[in-house]
**Q** 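Here's a structure for you.
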Protein chains: 2
Amino acid sequence: MARQPASGDRPTVKDVAASSGVSATTVSRVLAGNYPVSTATRARVMKAVRELDYVINAQARALGGGGTKTVAFIVHDLVGPSFAYVGQGVEQQATAEGRLCLVCTTHGDPERELELIELMREQQAEAVVLVGGGTNSRTYLERMTQIARALDKSGSRLVLCGRPPLGPDVPATVVEYDNEGGAYAITSYLISLGHRDIVFMGAGEPGHTTIDGRLRGFERAHQAHQLSAPSQQAVAITFDRQSGYRATRDLLAAGRKFTAIFAATDVVASGVLVALREAGLRVPEDISVVGYDDIPLATDLTPMLTTVHVDYEELGRTAVRHALNRDRHAMSQHTVMGVHVVIRDSAGPLPKPARR
Amino acid sequence: MARQPASGDRPTVKDVAASSGVSATTVSRVLAGNYPVSTATRARVMKAVRELDYVINAQARALGGGGTKTVAFIVHDLVGPSFAYVGQGVEQQATAEGRLCLVCTTHGDPERELELIELMREQQAEAVVLVGGGTNSRTYLERMTQIARALDKSGSRLVLCGRPPLGPDVPATVVEYDNEGGAYAITSYLISLGHRDIVFMGAGEPGHTTIDGRLRGFERAHQAHQLSAPSQQAVAITFDRQSGYRATRDLLAAGRKFTAIFAATDVVASGVLVALREAGLRVPEDISVVGYDDIPLATDLTPMLTTVHVDYEELGRTAVRHALNRDRHAMSQHTVMGVHVVIRDSAGPLPKPARR
DNA sequence: TTGTATGCGTTATCAC
DNA sequence: GTGATAACGCATACAA
């Protein structure tokens, strides 16, 4: 009987080999199953594996054999509703393709993001998925391009989810959804209901590509209907509930004239609703409100929110799928996913002019 | 000049060594930084590292050197509000302790869970964190005990988050929060408001340890006030919004007499609120509603939900902290974290008897 | 301060 | 069918 390894140090192929009276090579072959081995030998080896409770060492296998089979997922944080869904999609697709999934959070720190990408390069991650809108600055583009090239050289792949593409000659996979189209559609919907004074609540962060796209759609819809888009209002810098709440209150206090609010995100919309309710305004009878994202919260609000549906989970899945199954010689990949308006109860026809 | 490695195959220490005219050992020392190296040599090596864009191979390092520095996080799915927070905590603490974080989802499949644990054993994960209530069945306990032992033998550690402990002689780290205490507290609060007919909405899944604990607290509060606890109602099997909605509607249709509903989770409560509103009942004037979890949704509901706050993020952090910094000889670890009632707007004094 | 030799656990390449 | 042996990329012990 071979030595019984003590608690804490794992048995190795050698232990199994000794215990079953064959060579380490044979053990490896039995476990891999990709090589002819006699039935009797296989049985003996498997018995020893069970007795020793042997499991293979993934690190060592990666060193000797092929790659590492890991996808890295880097995100601001895990608790944002959309982030969690993208993560779910990434993990799902990574698993479906036989990869493991590493997660890391940056909490908005760009330095940390760089560190993490470097770490993932060390880990030999096959794909590094970056999630969440970045700014569209020149330095950002340059830095990302450099990172894309570095990862490519390491045999890895940079994947951008919901960020703008870097250029046709940059080795990266980009998957976005149609921010502008969705905003155009839902703004048109409000206009078709008769609204002419619509506030876009979400300005204040120029260069943020997600919000910029939505704002562009908002403005384009006005142009398409020969309307002048009201200057965007209500600096909602942080894009949380509170900022939506405060911005709406300020708007009301300033006596601004409007019949509808297009909140840049559902979360902002939830704050808007609270402020309107506190002011004694009814939604949608007095003021219409729409959001963007269609997170589960949208149906929990009162009234249920009319918004733009984004399939974040599919976004994550697509990102990983494209990154792993790409043409080896392909450089830049770019996919834009569709979105659609979901009509619920928070937007209605224009109130009678007499009302306010 | 040394060979420029082609795209796809990474430079190794040897490449760096050749390029900077030193031995591989010296390169290793420069990078590790834990050994005296002359300033000039260090500079030359670092220059070569930059030029070749070298990054260390984490797999190889793990094989030669010490452990792997990885924490695995296995969860039902990433999008549940509490799961996401626990995950956030796990990732945060793992990062703080210099570990990487692997995530896997089971989607409720026990077989998948077993596979994943085995996978994590191969990966040499230092800790394997299992999140979410399991059933308290005998087979579950036996299986988990076996897994705990297997992981322990591999030098890893099983961590149970929000699941019951396995026993004093089982090598596992368990971190729970006080389901029973929280339920006791919030039920007492309702009783103190005058309520005597309280429905506990969440029966129907016996053996589910989380819900069982809450139900126990509900019943104990009744006993403490010399009240007989109403038999639990409203089979809300799936614990989603819909089941809360349907169960409430059924309750109303059946003409059941009650003045308050204790929803087993905030998500269920959100469905309850919709059903009550549709029935023309006001909250809290006609019916009081309380939840459990205090997820962000709780403040987005109308009215804002009185509920039991659970610090899920801290739960995740504590789990990882205890698992990594335990006494090497400690077997079973068990921690119960506190919770507290958060009073908002959804529960009020008993309505006048005349009302219904 | 630096270099040489060896080992980590596995797989691939040869030989038998 | 099976086994010995040399990689894989890095870290450590030992020498110099």
Side-chain angles (χ1 to χ4, degrees), chain A residues 2-3 5 8-46 48-49 52-69 119 121-124 154-155, chain B residues 2-3 5 8-46 48-49 52-69 119 121-124 153-156:
Chain A
R3 72 183 181 90
D9 63 330
R10 314 155 49 115
T12 73
V13 269
K14 280 185 189 161
D15 296 312
V16 177
S19 174
S20 51
V22 298
S23 74
T25 305
T26 303
V27 173
S28 173
R29 292 207 258 251
V30 168
L31 292 169
N34 51 7
Y35 212 85
V37 177
S38 87
T39 318
T41 308
R42 156 169 289 113
R44 281 221 315 286
V45 169
M46 289 313 289
V49 165
L52 294 176
D53 203 11
Y54 168 83
V55 284
I56 208 166
N57 182 328
Q59 323 285 344
R61 186 221 287 274
L63 228 205
T68 315
K69 306 302 174 194
L119 247 177
R121 211 142 76 91
E122 297 180 1
Q123 294 294 325
Q124 316 256 68
S154 307
Chain B
R3 72 182 181 91
D9 63 328
R10 313 154 51 114
T12 73
V13 270
K14 279 185 189 161
D15 297 312
V16 177
S19 174
S20 51
V22 297
S23 74
T25 305
T26 302
V27 174
S28 173
R29 294 207 256 251
V30 168
L31 292 169
N34 51 6
Y35 212 85
V37 177
S38 88
T39 318
T41 308
R42 156 169 290 113
R44 281 221 316 285
V45 169
M46 290 313 289
V49 165
L52 295 176
D53 204 10
Y54 168 83
V55 284
I56 208 166
N57 182 329
Q59 323 285 345
R61 185 222 287 276
L63 190 50
T68 315
K69 306 303 175 192
L119 247 177
R121 209 143 77 90
E122 297 180 0
Q123 294 293 324
Q124 317 257 69
K153 266 200 350 207
S154 307
S156 182

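Just so it is clear: chains get the letters A, B, ... in the order the sequence lines come, proteins before strands, and each one is counted from 1.
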**Q** Report for the helix from dT1(C)-dA16(D) to dC16(C)-dG1(D): angle between first-end and last-end helix axes, five pairs each, rounded to 10 degrees.
**A** 40°

**Q** Once you round it to whole Å, what is the distance between C1' of dT2(D) and CZ of R44(A)?
**A** 11 Å

**Q** Testing V22(A), V37(A), T41(A) one by one against R29(A) for a side-chain contact (heavy atoms from CB on, under 4.5 Å), which residue passes?
**A** V37(A)

**Q** Could you state the interatomic distance from NZ (K153(B)) to CG (L52(A)), rounded to the nearest 0.5 Å?
**A** 7.5 Å

**Q** Under 4.5 Å between any side-chain heavy atoms of V27(A) and V30(A), yes or no?
**A** no

**Q** Nearest 0.5 Å, please: how far is CZ in R121(B) from CD1 in I56(A)?
**A** 12.5 Å

**Q** Between atom OG of S156(B) and atom CD of Q123(B), what is the distance when rounded to the nearest 0.5 Å?
**A** 11.5 Å

**Q** Without decimals, in angstroms, what is the distance between N57(A) CG and dC10(D) P?
**A** 17 Å

**Q** In Å and rounded to the nearest 0.5 Å, what is the OG to OH distance from S28(B) to Y35(B)?
**A** 11.0 Å

**Q** Quickly work out the R121(B) CZ to dG9(C) C1' distance and round it to whole Å.
**A** 16 Å

**Q** Let me know the distance between CG of D15(B) and P of dC8(D), rounded to the nearest Å.
**A** 11 Å

**Q** For T12(A) versus Y54(A), what's the shortest heavy-atom pair and its separation?
**A** C-CE1, 3.5 Å

**Q** When rounded to the nearest 0.5 angstrom, what is the spacing between CZ in R44(B) and OG in S38(B)?
**A** 7.5 Å

**Q** Is S20(B) reaching over with its side chain to a backbone N or O of V16(B), donor-acceptor style, under 3.5 angstrom?
**A** yes

**Q** What residues in residues 23-38 of chain B put a non-hydrogen atom under 4.0 Å from any atom of DNA chain C?
**A** S23(B), T25(B), T26(B), R29(B), Y35(B), P36(B), V37(B), S38(B)

**Q** Nearest whole angstrom, please: distance from the C1' of dG9(C) to the CG of L63(B).
**A** 5 Å

**Q** Nearest-Å distance, CD (Q124(B)) to P (dG9(C))?
**A** 9 Å

**Q** Please report the distance, rounded to the nearest Å, between NZ in K14(B) and P in dT4(C).
**A** 13 Å

**Q** When you check the phosphate oxygens OP1 and OP2 of dT1(C), does a side-chain N or O of T41(B) lie under 4.0 Å from one of them?
**A** no

**Q** Whole angstrom is fine here: how far is it from CZ in R61(A) over to C1' in dG9(C)?
**A** 11 Å

